[in-house]
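Below is one structure, written out as structure tokens; comments come after it.
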Amino acid sequence: MKWVKGEEWINETMEEVFTRDSARATPVKGKADIEDDQETVLDITAPHVPYDDTGRRTYEKICQKLDVVPSSKILRKLAESPSIDIRHYGLGPKGTMAVSVALVINSTVTTLNISGNNIDKTGILYIQRMMEENITITDLDVSDNHLKTFGAKAIGMMLQDNKGIRRLSIAGNEFTDLDATFLTKEIEIHPTLDYLDISRNGFGDIAAPFFEKMISENNNMTELNISWNQFRVPGAKCLARGLKDNMKLKLVNASWNGIDDEGALAFSDCLSNNAVLTELDISCSRIGDKGYAQVMRAFKKNEDLEVLRIGKNNIKEETVKLSIDLLKEITTLKLVLLDLSDVMLGASVVKELESLEEVHPNLEVVHGYTDSYGKRKMAGFADLGEEALWIIKEFIEEKDLTVAKLFAEFDEDGSNSVDYDEFRQGIKQAKIPLSSSQVDALINFIDMDGDGDIDFSELVLKMKEITKKRKEEDEQRAAEARKRR
């Protein structure tokens, strides 16, 4: 197996470790033969050094060679734990190499989380080479390492060589449509991969046909997180067709994509024909009343889905009421959670939900403004303002703008500050789909110092704040899904 080319000294250093440790475990040959009856004297001048199957000694020596400070946490984990979690540990490429070489020797570690370490191109080379040799690690997380195209190639080659990995997280690595071919083919035919997280990347409609084939042909994977990418209607249709043919996937997270009503119709067709899927997340995907209604009609045929997350979409309470009437008519429903987070329902519809409980006592319907996916809270100006700001963020992404460029259209005098009237007028002229009440809430949410003006810095800070919050919510939701598996 030819691994991705890097600096020669990487290969030489790792080969040096392999050769040295193999030699320790093999009797020395080439000595003069000794007669069986010849008396021998045991030479005890050189103490015997036992073989280090933890990799600790190797890790310390590589750190010394690379001028890297050894981590006491890593040393302890190598000796005592089957799991090494060193996310956001600041390893960099050299620190990654030291860990990788040690894990070639180690025979007990099964889980490695090295996300958020800025391992760069050379770092993923070490991980790739290590995984070619390692036969114990089955759970690998290399998310948030800016791996880009080079990393996609390395991961694809790693999957080609390592047939034992069961869980792989490669989220947030700035992969694009052009990188899909390096990954999807190897994932499609991998014999043991059970869980895949490729969220928070830049995959879109161009890559969608590759993902359709990967999903439809894969016969092993049970959980897929493809959220926070750039799939729109054509891409959503591809994903839905792949799911329709798949006979293994149980949990799919396709949220935070531009599925729209047409894409929701494709997912409805998928649910009507898929008898395996137990959880589907298509929340915050620009789905309206028509798309929601189509998805809910699928329950007339689907008797297996247990969790549907379709909140944070533009769904009116009248449409929700019609779906409640539909669910009352279905007697074989397995649904236990219908997540309509941030969909506001009036008192009459809430009363209808109470009557639905009589027909399906195990069904929980989450609605209204929520914080951590299910914990209800009262809607306030901050909540409405946050939602309005998120709509602006989506508008900026869809129109291929930047925050600075949008704000410049509001700020005619270039002062990096606009008053409330200028802000309202700017929203209107840009044709951002916000109501007057949403704009009022947004102003209150953004203007932190209450000086009557919206500063550019305030807008940027609030945008970063809600992006971080939504990311944490997504991670929490993924954790909850794993607990239910």
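Values reported hereafter were calculated over all heavy atoms of this structure, with side chains retained and with hydrogens, waters and symmetry mates removed.
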Less than 4.0 angstrom from a charged side-chain N to a carboxylate O is my criterion; do [X] and [Y] meet it?
| X | Y | value |
| --- | --- | --- |
| E279 | K250 | no |
| E475 | R470 | no |
| E409 | K405 | no |
| D342 | K312 | yes |
| K334 | E303 | no |

| task | Verify whether one side chain among T149 and D179 offers a donor that lies under 3.5 Å from an acceptor in the other. | result |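 Looking only at side-chain atoms, D179 and T149 do form a donor-acceptor pair, the distance falling under 3.5 Å.
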Check: [X] side chain, [Y] main-chain N or O, donor-acceptor pair, under 3.5 Å:
| X | Y | answer |
| --- | --- | --- |
| K163 | Q160 | yes |
| N274 | L243 | yes |
| S285 | I287 | no |
| S268 | A264 | no |
| N246 | I215 | yes |
| T110 | T138 | no |
| N201 | N173 | yes |
| N229 | F231 | no |
| D411 | V418 | no |

More than 12 heavy atoms of other groups within 6.0 Å of [X] [atom1]:
| X | atom1 | result |
| --- | --- | --- |
| K462 | NZ | yes |
| N314 | CG | no |
| K185 | NZ | no |
| I206 | CD1 | no |
| K393 | NZ | yes |
| K351 | NZ | no |
| E262 | CD | no |
| F210 | CZ | no |

Looking at every non-hydrogen atom in both residues, tell me the closest pair between [X] and [Y] and how far apart they are.
| X | Y | answer |
| --- | --- | --- |
| G235 | A208 | CA-CB, 3.5 Å |
| G90 | N117 | N-OD1, 2.9 Å |
| A236 | G263 | CB-CA, 3.9 Å |
| D120 | P93 | CB-CG, 4.1 Å |
| L251 | L277 | N-CD1, 4.1 Å |
| L345 | E317 | C-OE1, 3.5 Å |

| message | Nearest 0.5 Å, please: how far is CD1 in I187 from CZ in F211? | response |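 CD1 of I187 is found 7.0 Å from CZ of F211.
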| Point-to-point distance, once rounded to the nearest 0.5 Å, from CZ of R167 to CG of N113 | 11.0 Å
| request: Please find out if less than 6.0 Å separates the ring center of F410 from that of F423. | output: yes
